[in-house]
> 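Encoded as structure tokens, here's the structure I'll be asking about.
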Amino acid sequence: KQEVTQIPAALSVPEGENLVLNCSFTDSAIYNLQWFRQDPGKGLTSLLLIQSSQREQTSGRLNASLDKSSGRSTLYIAASQPGDSATYLCAADIKAAGNKLTFGGGTRVLVKP
Amino acid sequence: GAVVSQHPSRVICKSGTSVKIECRSLDFQATTMFWYRQFPKQSLMLMATSNEGSKATYEQGVEKDKFLINHASLTLSTLTVTSAHPEDSSFYICSAGRNTEAFFGQGTRLTVV
């Protein structure tokens, strides 16, 4: 059974600092891995999707890497801003399960002005 | 990106009543949709897989008679919480996949009083 873990559970940084969020998964046979942002009481906003054949994806200040062999993905957010404060979730798409996702516990990020 | 619409966003109901939540894929067809539940300060847990034209598949520990799922068309899945109790109060969110990416609805905050 796929298990996804995110460390740390919470992170507080001053504005401008780079953020590094970690995600690990137990079964390397994933179809893809997605990173999401969730604001309090809200739904999920998809940030980046990394296919199993890819090693990284970039969008603006966001960069996500994927290392299937070690079961890890890392989300980097450059030059953090207070608006980046949210919970970040990673989710592994189990192979051939049709977008059936297993979520990590999330990392709650606070960027202080 | 693709749009998944969920309604209502918030609902308060009395204990013992039933509540229906709708999940629609607005600009694509989805033969499979997924329903997740999120308790406060916890991550998303998959409840069931909704299959168009056939019975839903429930995850272990989820009562199929309590959480009725209907996927009558390629763009609509509904989740009905029957005989709701306060412990059913939670954030319910649906997703649908297009190509290799999962898209989420806005979520429904259910409060049972």
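Remember, predicted model here, so these are calculated numbers, not experimental data. Every heavy atom of this structure was used, including side-chain atoms; hydrogens, water molecules and symmetry mates were not.
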> Under a 4.5 Å heavy-atom cut-off, does chain A meet the side chain of Leu46(B), its backbone, both or neither?
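The side chain, not the backbone.
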> Checking heavy atoms, do the side chain of Gln38(A), its backbone, both or neither come under 4.5 Å from chain B?
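The side chain, not the backbone.
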> Counting only heavy atoms from other residues, nucleotides and ligands, does the tally under 6.0 Å from CD1 of Ile12(B) exceed 12?
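No, CD1 of Ile12(B) has 12 or fewer neighbouring heavy atoms, counting only those of other groups under 6.0 Å.
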> What part of Gln6(B) lies closer than 4.5 angstrom to a heavy atom of chain A: side chain, backbone, both or neither?
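The answer is neither part of Gln6(B).
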> For a quick test of reading the model, state the closest non-hydrogen atom pair linking Ser43(B) to Gly105(A) and the distance between them.
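Nearest heavy atoms, Ser43(B) then Gly105(A): CB-CA, 3.6 Å.
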> Would you indicate whether His85(B), at its atom NE2, is surrounded by more than 12 heavy atoms from other residues, nucleotides or ligands within a distance under 6.0 Å?
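Yes, because the 6.0 Å sphere around NE2 of His85(B) holds more than 12 heavy atoms from other groups.
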> If you compare all heavy atoms of Ala102(B) against all heavy atoms of Gln34(A), which two are closest, and at what distance to 0.1 Å?
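Distance-wise, the nearest heavy atoms are N-OE1, 3.0 Å.
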> Of the backbone (N, CA, C, O) and the side chain (C-beta and beyond), which part of Leu44(A) lies under 4.5 Å from a heavy atom of chain B, both, or neither?
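The answer is both parts of Leu44(A).
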> At a heavy-atom separation under 4.5 Å, does Gln106(B) approach chain A through its side chain, its backbone, both, or neither?
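Backbone only.
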> Is atom CZ of Arg55(A) surrounded by more than 12 heavy atoms (other residues, nucleotides or ligands) closer than 6.0 Å?
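Count not over threshold, so no.
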> Near Arg109(B) CZ, under 6.0 Å, is it more than 12 heavy atoms from other residues, nucleotides or ligands?
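Yes, because the 6.0 Å sphere around CZ of Arg109(B) holds more than 12 heavy atoms from other groups.
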> Answer with side chain, backbone, both or neither: which region of Leu101(A) has an atom nearer than 4.5 Å to a non-hydrogen atom of chain B?
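Both the backbone and the side chain of Leu101(A) come within 4.5 Å of chain B.
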> Compare all side-chain heavy atoms of Glu59(B) with those of Lys100(A) and state whether any distance is below 4.5 angstrom.
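Sidechains of Lys100(A) and Glu59(B): in contact.
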> Which heavy atom of Gly41(A) sits nearest a heavy atom of Phe91(B), and at what distance?
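Where Gly41(A) meets Phe91(B) most closely, the heavy atoms are O-CE1, 4.1 Å.
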> Return yes when atom NZ of Lys68(A) has more than 12 non-hydrogen atoms of other residues, nucleotides or ligands closer than 6.0 Å, and no otherwise.
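Atom NZ in Lys68(A) is packed in, count exceeds 12.
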